Amino acid sequence: MRERDATVIGLDEVRRDMGALVGGKAAGLGEMIAAGERVPPGFCVTTTALSSGDVPAREIAEAYRRLGGGPVAVRSSATAEDLPEASFAGQQDTYLDVDGTDAVVDAVRRCRDSLENARAVAYREANEVDGSDTRIAVVVQSMVDAATAGVMFTADPITGSRSRTVVDAVPGLGTGVVDGTAEPDHYVLDEDRIVEGRGGCLSEDRVRALASAGRRLQRLFRSPQDVEWAHDRDGGLWLLQSRPVTTLFPLPPQDVPDPPRLYMEVGNMQGMLRPFTPMGLSLLEDMWTHGWRAFGAPGETAGSTPFMVGIGRRLYVDITSPLRDPWSRSGLARSMEVYGPRVRAAVEHLYDDPRFAPRPGASFPVGTVLAMAVALLPPIVLGMGRALIDPPAARARAYEAVDRWRSLRGPGAEADAAARVEWVLDDAFDALLGPDLVEVIGPVGAGLLTIMAPAALLRGVASREETDTVLGGAPHNVTTRMNLELWRMAERARAHHDLFTATPPGELAERYLRGELPDVGMAEFLDRYGHRTAAEVDIGVPRWREDPTQVFVVIAEHLRSPGGEQAPDRRHARTGATPGPRPPRSPCWRNCSGGPCGFARYAGCSRRS
């Protein structure tokens, strides 16, 4: 019989490359049997059989007879199950202790029908799995008369540690662990050492034997595993299922020089609250590499230049070199204060780790850093000085430089994506590093300096909140001007209050793009700010010009706000207003006699009559 025509196949005949025929669970079980692991015997009703309409009752009955009858477990094995990125655990139905031919056939039928239950459909939609391509097989296995059972993770699913194995166990069947209805005994091993043990289900020897079996399965399937297991009444260990752990954060690069390395996630500082798109992270890595090479950094591939690392589509910097360098080491922890006290404490903790001890000589590309300093520092300092001396002229020069950048023209719409990206990394990037950079970065540096200076100069006199409030009224801030324009657009939309607050923002965006909304100034706003978006450092995220949904979210929130004196335009006007004269202070405040006087009407007098 040809494999694709098979209706029922023994688990001992199944291999991992047969997933399309037997589904993910059965493919894993067959591979475990072939590797010599102790797996309950059974058979699989194939996707071919179950997609043809009627359940093959006669073939199931014959396979059940060959198995020896008795209680069996009937479990789904969909083609989308036990994948590295989605386990589908518990989404289709499972039936335990099924006994008798008719009951087994009926359980197989119900298991097959569960492929389309609401739970499984919702899970596929959430994980972007095409339901039309998903088929189901059903596994039938002899039941294990379990004395203890449970689950094991060969990597800690909470901390992500690959050196730890986590075991949860309960007396009897392991369903209480799987469905969360029982409080299991809990064991944690680090390498082969038990570092946590709660409960008496398992002896230390059995915990270590389980961990050893988990390591074998991890080697077999080449990834951390989520394993279901059971001990029978004689103490024999049976492995019931093994699938990839899907919740672990990816490991950082392993082929790095001089491990271990210390990585710090920095994407959140750019508003990246979700992973980068593949295109966004790839282009950022290419631009980073291009910029370093412009100043002589080594490396022939993206990501091989200093500091920047993409892990799990998150943006990290490698701060191992500054931590090991005697010159930068002392101030590194203080610089981490921007992340909060816990991050600073973590870096300080590593000061005592011998793997990160100071090393003689520079541990970063000194020549490249010096080349960057020589090329950029003098013009930046000059630009900052010119901006501080004559802010309006510096601002005008910066705007003109930005306009020249905006006037750059790429290869045109007829060019493919690769050609456009190549233009960004070559001609456009070279233009950005040219003379106009000084005209822009000088005023930016001066602005940052003047923002930080008041808090430093007024330390002990004014709080950071007070200085931030005052600086919030500063003119010419691009983001502030954009936010005020959003408010003005919301004010124009107030005549259509119900439309803009009751309609879902995504629907409003679609209607706007079709030209079906009242004119509230959206076209003008997007012409000026449409290149922006949330998490805009990721070029793969749609811009507001492409998808203005978030703009409509802000408009609706403004329309729901009370306005009045708390309206953004009035608050901005107050923070930027020139304060009036303060009332005179009583001349007798130092040596007041306590009696009534002509200055007692002022609140500053502590002896008001």
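All values below were derived from every heavy atom in this structure, side-chain atoms included, with hydrogens, water molecules and symmetry-related copies excluded. What you see is a predicted model, and the numbers here were worked out from it, not measured in a lab.
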Trace of the side-chain contact (heavy atoms from CB on, under 4.5 Å) decision for Arg420 with Val424: CA-CA 6 Å; Arg420 292 198 293 273; Val424 168; 5.7 Å; no
Evaluation steps, salt bridge (Lys or Arg N to Asp or Glu O under 4.0 Å), between Arg560 and Glu557: CA-CA 5 Å; Arg560 296 187 186 104; Glu557 289 301 313; 3.0 Å; yes
Residues His558, Arg488; criterion side-chain contact (heavy atoms from CB on, under 4.5 Å); working and verdict: CA-CA 10 Å; His558 278 323; Arg488 285 189 284 269; over 6 Å; no
Test side-chain contact (heavy atoms from CB on, under 4.5 Å) applied to Arg110 and Asp93, step by step: CA-CA 8 Å; Arg110 285 184 288 159; Asp93 291 344; 5.6 Å; no
Intermediate values then yes/no, side-chain contact (heavy atoms from CB on, under 4.5 Å), Met522 and Phe552: CA-CA 10 Å; Met522 181 66 73; Phe552 286 105; 3.5 Å; yes
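Taking the side chain as every heavy atom from C-beta outward, Thr47 and Thr79 approach each other to under 4.5 Å. Side-chain contact between Pro252 and Tyr316 is absent, with no heavy atoms from C-beta onward closer than 4.5 Å. Between Leu50 and Leu115, the closest side-chain pair of non-hydrogen atoms is not below 4.5 Å. Contact check for Lys25 versus Arg75: side-chain heavy atoms found under the 4.5 Å cut-off. Counting heavy atoms from C-beta on, the side chains of His531 and Glu546 never come closer than 4.5 Å. Looking only at side-chain heavy atoms (C-beta outward), Gln550 and Pro505 stay at 4.5 Å or farther from each other. Between Glu510 and Glu516, the closest side-chain pair of non-hydrogen atoms is not below 4.5 Å. Within the 4.5 Å cutoff, the side chain of Leu315 has no heavy atoms near those of the Met272 side chain.
Residue-environment remark: CZ (Arg528) stays at or below the threshold of 12 foreign heavy atoms within 6.0 Å. Arg274 CZ: 12 or fewer foreign heavy atoms inside a 6.0 Å radius. More than 12 heavy atoms of other residues, nucleotides or ligands shown are found within 6.0 angstrom of CD on Glu536. Within 6.0 Å of the CZ atom in Arg514, the count of heavy atoms belonging to other residues, nucleotides or ligands exceeds 12. For Asp403, the CG atom sits in a packed shell: over 12 heavy atoms of surrounding residues, nucleotides or ligands are nearer than 6.0 Å.
Thr154 and Gln225 form no side-chain donor-acceptor contact under 3.5 Å, judged by distance and modelled atom types alone.
The closest donor-acceptor contact from the side chain of Ser77 to the backbone of Val139 lies at 3.5 Å or more, if one exists at all. When atom types are taken as modelled, the side chain of Arg545 and the backbone of Pro542 share no donor-acceptor pair closer than 3.5 angstrom. A donor-acceptor contact shorter than 3.5 Å links the side chain of Glu265 to the backbone of Gly267. When atom types are taken as modelled, the side chain of Arg16 and the backbone of Gly28 share no donor-acceptor pair closer than 3.5 angstrom. In this structure a side-chain-to-backbone donor-acceptor pair under 3.5 Å is missing from Thr533 to Arg543. Checked by atom type and distance alone, the side chain of Arg243 never pairs as donor or acceptor with a backbone atom of Gln241 at under 3.5 Å. Between the side chain of Thr159 and the backbone N or O of Ser161 there is at least one donor-acceptor pair closer than 3.5 Å. In terms of modelled atom types and a separation under 3.5 Å, the side chain of Thr503 and the main chain of Phe500 share no donor-acceptor contact. Using a distance-only test at 3.5 Å, with no hydrogens or angles considered, a donor-acceptor pair links the side chain of Arg135 to the main chain of Ala20.
Summarising the geometry of Gly23 relative to Ala137, their closest heavy-atom pair is N-CB, 4.4 Å, with the distance given to 0.1 Å. Across Ser407 and Arg404, no two heavy atoms sit closer than the pair OG-O, 2.6 Å. The minimum heavy-atom distance between Leu559 and Ala490, with the atom names listed, is CD2-O, 3.2 Å. The nearest pair of heavy atoms linking Val440 to Ala401 is CG2-CB, 3.8 Å. A pairwise comparison of heavy atoms in Pro253 and Ile311 identifies CD-CG1, 4.2 Å as the closest pair. Closest approach of Ala419 to Pro411, counting heavy atoms only: O-CG, 4.0 Å.
Between Arg494 and Glu491 a salt bridge is recorded (basic side-chain N to carboxylate O distance below 4.0 Å). Salt bridge Glu485/Arg492: present, at least one basic N to carboxylate O contact under 4.0 Å.
Atoms CZ and CE, on Arg532 and Met482 in that order, are 4.5 Å from each other to the nearest 0.5 Å. Separating the OH atom in Tyr512 from the CG atom in Asp547 is a distance of 12.0 Å, to the nearest 0.5 Å. Note that CG of Asp538 is 8.5 Å distant from CG of Leu284, once rounded to the nearest 0.5 Å. Within the model, atoms CH2 of Trp487 and OG of Ser561 stand 4.5 Å from one another, a figure rounded to the nearest 0.5 Å. Residue Phe429 holds its CZ atom at 5.0 Å from CE of Met287, rounded to the nearest 0.5 Å. Here Thr46 contributes atom OG1 and Ile136 contributes atom CD1; the two are 12.0 Å apart, rounded to the nearest 0.5 Å.
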